[in-house]
Protein chains: 2
Amino acid sequence: MNSSKVAKVSFKEQMLQAREDAIVQTANRFLAEKGFEAMTVDEVAAAVGIAKASLYKHFTSKEDLAAAAMLRILKQAQEFVLTLPATDAPLDKLRAVVRWSMRMQLASDMPALPRQNSCLRAALMANPDYLDRLMAFSQLLGGWIESAQQQGVLNPELPATAVLYTLYARACDPVLEFLKAGGQYSDEQIVELVLGTCFDGLRTRAPAK
Amino acid sequence: MNSSKVAKVSFKEQMLQAREDAIVQTANRFLAEKGFEAMTVDEVAAAVGIAKASLYKHFTSKEDLAAAAMLRILKQAQEFVLTLPATDAPLDKLRAVVRWSMRMQLASDMPALPRQNSCLRAALMANPDYLDRLMAFSQLLGGWIESAQQQGVLNPELPATAVLYTLYARACDPVLEFLKAGGQYSDEQIVELVLGTCFDGLRTRAPAK
DNA sequence: GTCTATAGCCAGATAGAC
DNA sequence: GTCTATCTGGCTATAGAC
């Protein structure tokens, strides 16, 4: 008897969690497609198929909802880097992370980074879980960057933070959108094209010695 | 008598034009700092020091106002490229244009490119003057890109449009904002840093033969 | 053309029944 | 917790006097 009650509660909680996931996933898509300001809570609720008031039982504000979506994508990024073989070279791991983020963007699953002067940014900076994860993720990538620089494959004259920001920025690079709108290239071609310009630049490479 | 009347009218028109320029310039700054959605017509009017209704005598809508600002920055870009010596190498001219756009961004004078799915974009695409200028500007840069590729200094394997978009995207690269927020580098250092990663990439260059 | 005042609308957030 | 219905504030845009 007791166990059935427990199972029942657990089932309810699972349903609740599943709904919350659906809300965040939907918000994530709208954030990726339209940005925080243009996204409305109404359309998120409508797309999920619930009333707006129900959504507000899960999230206290639009910023709170968007922050949950940003936290979700950050968690996914952390899960992704766990799948990378430890034997891979640091430079290859960095490339893999950028490739992953660009694929997410092309699939409309990557919300754009909030502007410096944005209310969403304020909400994120007030979220310790987000901040902690972002710092841990940045330190992981920062370690790879420094290793690659010591190995001589990544330009050692570049500040590690500048490299880090450059990689982060690929997740919201409008070049992907432009090339996709052109309709001339497949998603994978676009990813490899932009990945190449990111690491090798636009100039012609000197032939390897 | 007639001449004084003409002069008077001309003076009035000049004042009117000056006011309109002030409005567009202010709108341009807010577009650069907050983006189209977050900018309000109220704050533009307040910053200029006029009533909102007066602003609407000059521009029929918020989109119209923003389009005027986008047209203005495009005209400035066209004026800038006219100052480049014809004797400069194409690659140097491209570099100069990107440097100019990044300086404008750091000075909060460069409005962000509108998203593909934005009402501002629709207004711009409906503006023949803007479209014509954008096409002319793109063809000018496109010519320089192809020349640089034929000279072998710009990677000939990259599609010219991909190069063009990559250069355009530097004007709204969040990396500049991030590095500026860090407070560790001067604006000029940031510009040269990002210019370097754009053309030469993140990887270590093979030593020149 | 400039102003004050306001219309009209829309989106974020809430009240209260079930 | 979910819903319908509503409040509230802010923003675009306009009316009308001067």
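Keep in mind that the numbers below use all heavy atoms, side chains included, and drop hydrogens, waters and symmetry copies. Naming: A, B, ... by sequence-line order, numbering from 1 per chain.
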Would B:R133 and B:K75 count as a side chain to side chain contact (heavy atoms under 4.5 Å, CB included) if you check the C-alpha gap in whole Å, the side-chain angles of each, and the deciding distance to 0.1 Å?
CA-CA 8 Å; B:R133 286 176 187 275; B:K75 283 180 182 173; 3.5 Å; yes

Among D:dT12, D:dG1, C:dG12, which nucleotide has an atom closest to any side-chain atom of B:K52?
D:dT12

In terms of side-chain heavy atoms of A:A51, which of D:dG1, D:dC11, D:dT4 is nearest?
D:dT4

Within the structure shown, what part of the strands sits under 4.0 Å from A:M39 by heavy-atom distance: base, sugar-phosphate, or nothing?
sugar-phosphate

Just call it for A:K62: base, sugar-phosphate, or nothing, with non-hydrogen atoms closer than 4.0 Å on any strand.
sugar-phosphate

Inspect the surroundings of CG in A:N117 and state if more than 12 heavy atoms from other residues, nucleotides or ligands are less than 6.0 Å away.
no

Is there a side-chain contact between [X] and the phosphate of [N], meaning an N or O under 4.0 Å from OP1 or OP2?
X	N	answer
B:Y56	D:dT14	no
B:R19	C:dG1	no
B:S54	C:dC3	yes

Apply side chain to side chain contact (heavy atoms under 4.5 Å, CB included) to the pair B:F199 and B:L167, showing each step before the final yes or no.
CA-CA 9 Å; B:F199 282 92; B:L167 300 181; 3.9 Å; yes

Counting distance only, does the side-chain N/O of B:E37 pair as donor-acceptor with the main-chain N or O of A:A38 below 3.5 Å?
no

Return the 5'-most residue of the pair B:V41, A:A53 with respect to DNA chain D, ranking by each residue's nearest nucleotide.
A:A53

When rounded to whole Å, the CD1 to P distance for the pair B:I50 and C:dT2 reads 7 Å

A:L55 atom CG is separated from C:dG12 atom P, nearest whole Å, by 10 Å

